[in-house]
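Only one structure is covered here, and it is reproduced in the block below.
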Amino acid sequence: QVQLVESGGGLVQAGGSLRLSCAASGRTFSGSAMGWFRQAPGNERDFVAGIRWSSGSTVYADSVKGRFTISRDYAKNTVYLQMNSLKHEDTAVYYCAYSSLAWPSPRLSDYPYWGQGTQVTVSS
């Protein structure tokens, strides 16, 4: 079993920044990947960013490239999502997820473990 706990969401004005954290526990994470997804009301859950746990290699959705940065602290088993230049359309519930695959897939079905989500609201 893998437990994921997100934190760091909140209300921010457009153009501002937030950093989300995802604390992971339950197994050794070497060789796996972590992803951040988001879901706005009435929309599907979409891939935002992913990171390969061992190497730190990253991948991003086009909508957030250049504004968001995913990183991990190997010693703390924690993944971060630094979000800068936030836009109203970034408003959503953000979820972190664990995949046993070596590369962070953009497909929801490749992630068997999910956190509870944290709300990010960007006021325009």
Side-chain angles (χ1 to χ4, degrees):
Q1 285 288 346
V2 174
Q3 293 80 43
L4 303 172
V5 179
E6 301 107 334
S7 60
L11 173 64
V12 64
Q13 288 187 332
S17 299
L18 280 176
R19 189 177 80 156
L20 306 182
S21 300
C22 175
S25 61
R27 67 170 57 176
T28 301
F29 295 96
S30 176
S32 63
M34 297 289 290
W36 283 99
F37 292 76
R38 67 186 181 186
Q39 187 168 19
N43 289 359
E44 296 181 347
R45 191 171 297 188
D46 294 326
F47 177 79
V48 175
I51 189 166
R52 187 173 182 177
W53 197 273
S54 56
S55 68
S57 298
T58 59
V59 62
Y60 296 92
D62 288 343
S63 58
V64 306
K65 279 181 182 176
R67 300 188 299 121
F68 291 11
T69 302
I70 187 172
S71 62
R72 89 299 188 228
D73 185 321
Y74 204 93
K76 294 182 179 179
N77 279 355
T78 300
V79 176
Y80 304 97
L81 186 67
Q82 178 66 44
M83 306 185 294
N84 299 329
S85 301
L86 283 161
K87 305 175 182 180
H88 177 66
E89 51 264 42
D90 294 318
T91 296
V93 178
Y94 284 71
Y95 300 88
C96 70
Y98 165 88
S99 172
S100 61
L101 300 178
W103 183 252
S105 165
R107 300 189 307 181
L108 274 70
S109 58
D110 287 331
Y111 293 83
Y113 298 101
W114 293 81
Q116 81 285 358
T118 185
Q119 176 70 47
V120 171
T121 303
V122 184
S123 62
S124 55

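All values derive from a computational prediction rather than experimental measurement. Numbers for residues simply follow the sequence, beginning at 1.
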- request: Over all heavy atoms of both residues, which pair between Val48 and Phe68 is shortest? Give the atoms and the distance, please.
  value: CG1-CD2, 3.7 Å
- request: Determine the minimum heavy-atom distance between Ser17 and Ser85, stating which atoms define it.
  value: OG-N, 4.4 Å
query: Does Thr121 reach the main-chain N or O of Thr91 with its side chain, forming a donor-acceptor pair under 3.5 Å?
result: no
Note, Asp90 side chain near Met83 side chain (heavy atom, < 4.5 Å): no
- prompt: Would Tyr60 and Trp103 show up in the same hydrophobic cluster when neighbours are defined by side-chain heavy atoms closer than 4.5 Å?
  reply: no
message: Assess whether a salt bridge exists between Lys65 and Asp62, defined as any Lys/Arg side-chain N lying under 4.0 Å from an Asp/Glu carboxylate O.
response: yes
Close side-chain approach of Lys76 and Ser21, heavy atoms under 4.5 Å: no
query: What's the verdict on ring-ring contact (aromatic ring centres under 6.0 Å, His included) for Trp114 and Phe37, showing C-alpha distance, side-chain angles and the deciding distance?
result: CA-CA 10 Å; Trp114 293 81; Phe37 292 76; 4.9 Å; yes
Main-chain N/O of Ser55 paired to Ser57 side chain as donor or acceptor, under 3.5 Å: no
message: To the nearest 0.5 Å, what is the distance between CG on Leu86 and OG on Ser124?
response: 12.5 Å
message: Same cluster or not: Tyr111 versus Tyr98, using hydrophobic residues (I, L, V, M, F, W, Y) connected whenever any side-chain heavy atoms lie under 4.5 Å apart?
response: no
field: Any Glu6 side-chain heavy atom under 4.5 Å of Tyr94 side chain
entry: no
message: Show the nearest heavy-atom pair for residues Gly26 and Gln3, with the distance to one decimal.
response: CA-OE1, 3.8 Å
- request: Answer yes or no: are there more than 12 heavy-atom neighbours, outside Gln116 itself, under 6.0 Å from its atom CD?
  value: yes
- prompt: Any link between Leu4 and Ile51 through a network of hydrophobic side chains (Ile, Leu, Val, Met, Phe, Trp, Tyr) touching at under 4.5 Å?
  reply: yes
- line: Trp36 and Leu20 have their tightest heavy-atom pair at CH2-CB, 3.6 Å
message: Check whether Ser99 reaches the backbone of Asp110 with its side chain - one donor and one acceptor, N or O, closer than 3.5 Å.
response: yes
message: Quick check: is Leu18 connected to Ile70 through a chain of hydrophobic side chains (ILVMFWY, heavy atoms under 4.5 Å apart)?
response: yes
message: Could you go through Thr69 and Tyr80, starting from their C-alpha distance and side-chain angles, then the distance that decides it, and tell me whether this counts as side-chain contact (heavy atoms from CB on, under 4.5 Å)?
response: CA-CA 8 Å; Thr69 302; Tyr80 304 97; over 6 Å; no
query: Arg38 and side chain to side chain contact (heavy atoms under 4.5 Å, CB included): which partner among Val64, Leu81, Val93, Val120?
result: Val64
- request: Answer with yes or no whether the hydrophobic clustering places Tyr95 together with Leu108; edges join I, L, V, M, F, W, Y residues whose side-chain heavy atoms lie under 4.5 Å apart.
  value: yes
field: Minimum heavy-atom distance Ala40-Ala92, with the two atoms named
entry: N-CB, 3.8 Å
- prompt: Side chains of Arg52 and Ser54: closer than 4.5 Å at any heavy-atom pair?
  reply: yes
- line: Interatomic distance, CZ@Arg72 vs OG1@Thr78, rounded to 0.5 Å, equals 11.5 Å
